[in-house]
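So the structure is just underneath, and the comments pick up after that.
Below, chain A is the first sequence line, B the second, and so on; all start at residue 1.
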Amino acid sequence: MYNSSEPLDQSFYNQPTLELAQSLLGKLLLKETEDGIAGGYIVETESYMGPADRAAHSFNNKRTKRTEIMFGRPGHAYTYSMHTHCLFNVVSGDIDHPEAVLIRGIEPCTGEDLMELRRPKAKTKKQWTNGPGKLTKALGITMADYGRKLDQPPLWIAPGKTVKSSEIASGPRIGIENSGEAKDYPWRFWIEGNAFISR
DNA sequence: AGCACGATAAGA
DNA sequence: CTTATCGTGCTA
């Protein structure tokens with residue numbers, strides 16, 4: 001358990017975004033706060049492919065205070081708030097290639113007592129973390145984590161467990177109905193049959 | 001099914 | 001100022 005919680009090296013993030021989105025499945029996402037450490041296995045991701053992807057915040061190289069981190073090196077946290085929620089992405093692509101992978105679902109691994117406290121409205125364990133806004137709340141990820149490098153506490157990603165390519169399913173992304181033909185691209189990946197998929 | 005919630009950004 | 005958004009939880 002302890003060894004599998006050691007951060008992945010920076011070199012892990014030097015791979016094409018569509019491959020990274022699949023490589024992240026099974027990896028362990030961890031967050032440490034003053035209350036302790038909470039973490040879970042990543043079971044669902046989505047790729048956002050930058051300038052050419054109408055669904056991406058960085059479409060057409062749109063560069064704002066919010067998207068700035070995506071133009072830098074990969075392996076950092078891109079958090080943004082939508083309505084009342086915070087969503088967590090892993091920055092991908094090299095410098096000036098503003099791509100990212102959205103984490104949409106995790107399977108609780110450690111700190112389950114913390115997650116239960118942070119998700120008082122969830123009726124079942126699965127509802128702790130089966131959505132992008134839910135898992136950030138369960139782990140204690142906030143906008144204060146924007147830009148953090150993901151190879152050290154308080155926010156990091158560890159090897160977790162191995163996922164065979166035969167266990168990985170793919171399909172269209174969620175919540176981007178207004179993005180032209182990009183809405184049909186199969187850039188969402190998940191572990192087939194896992195209970196913590198968002199839908 | 002619909003709708004409120006409200007951080008960020010763009011357009012009028 | 002108004003509108004839209006990579007979502008969640010409420011009311012029905």
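Only the C1' atoms considered, C:dC6 is 23 Å distant from B:dA1, to the nearest whole Å.
Distance A:N89 CG to C:dT5 P: 17 Å, rounded to the nearest Å. Note: CZ (A:F88) to C1' (C:dG7) measures 17 Å, nearest angstrom. Rounded to a whole Å, the CG atom of A:L87 is 10 Å from the C1' atom of C:dT8. Straight-line distance from the NZ atom of A:K126 to the P atom of C:dT8: 13 Å, rounded to whole Å.
Contact check, A:R199 against C:dC6: no side-chain N or O comes under 4.0 Å of OP1 or OP2.
Within the structure, ring-ring contact (aromatic ring centres under 6.0 Å, His included) contacts touching residues 126-165 of chain A (residues at least two apart or in different chains) do not occur. Within the structure, every pair that satisfies the ring-ring contact (aromatic ring centres under 6.0 Å, His included) test and touches residues 157-199 of chain A, not counting sequence neighbours, is listed here: A:Y185-A:W187.
Put simply, the side chain of A:T142 does not reach to within 4.5 Å of the side chain of A:T136, judged on heavy atoms. Side-chain contact check for A:L114 versus A:E116: every heavy-atom pair is 4.5 Å or farther apart. Residues A:K121 and A:Q127 have side chains not in contact (no heavy-atom distance under 4.5 Å, counting atoms from C-beta outward).
In summary, the side chains of A:S58 and A:R66 do not present any donor paired with an acceptor at a separation below 3.5 Å, with no hydrogens or angles considered.
Taking a pair as Watson-Crick or G-U with both hydrogen-bonding distances under 3.5 Å, the stems of three or more pairs touching DNA chain C are B:1-5 with C:7-11, B:7-11 with C:1-5.
Using a 4.0 Å cutoff on non-hydrogen atoms, no part of residues 171-190 of chain A comes near DNA chain B.
Looking at the side chain of A:Y80, the nearest of the listed nucleotides C:dT8, C:dC6, C:dG9 is C:dC6. The side chain of A:R119 lies closest to C:dG9, out of C:dC6, C:dG9, C:dT8.
In this structure, A:E107 does not pair ionically with A:K125, as no charged nitrogen and carboxylate oxygen lie closer than 4.0 Å.
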Mark up nucleotides 4-12 of chain B, 5' to 3', with B wherever a protein heavy atom is under 4.0 angstrom from a base atom, S wherever such an atom reaches only the sugar-phosphate, and - elsewhere.
-BBBSSS--
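The six-membered or imidazole ring of A:H57 lies near that of A:Y80, with a centre-to-centre distance under 6.0 Å.
When every heavy atom of A:S198 is checked against every heavy atom of A:E44, the shortest pair comes out as N-OE1, 2.6 Å.
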Cut-off 3.5 Å, no hydrogens considered: what does the side-chain donor-acceptor table look like for residues 82-91 of chain A, sequence neighbours left out?
residue	atom	partner	partner atom	Å
A:N89	ND2	A:Y78	O	3.3

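The residue A:K134 sits close only to the backbone: its heavy atoms come under 4.0 Å of sugar-phosphate atoms, none of a base.
Considering A:I141, A:L150, A:T129 as possible partners of A:L29, the one that fulfils the side-chain contact (heavy atoms from CB on, under 4.5 Å) test is A:I141.
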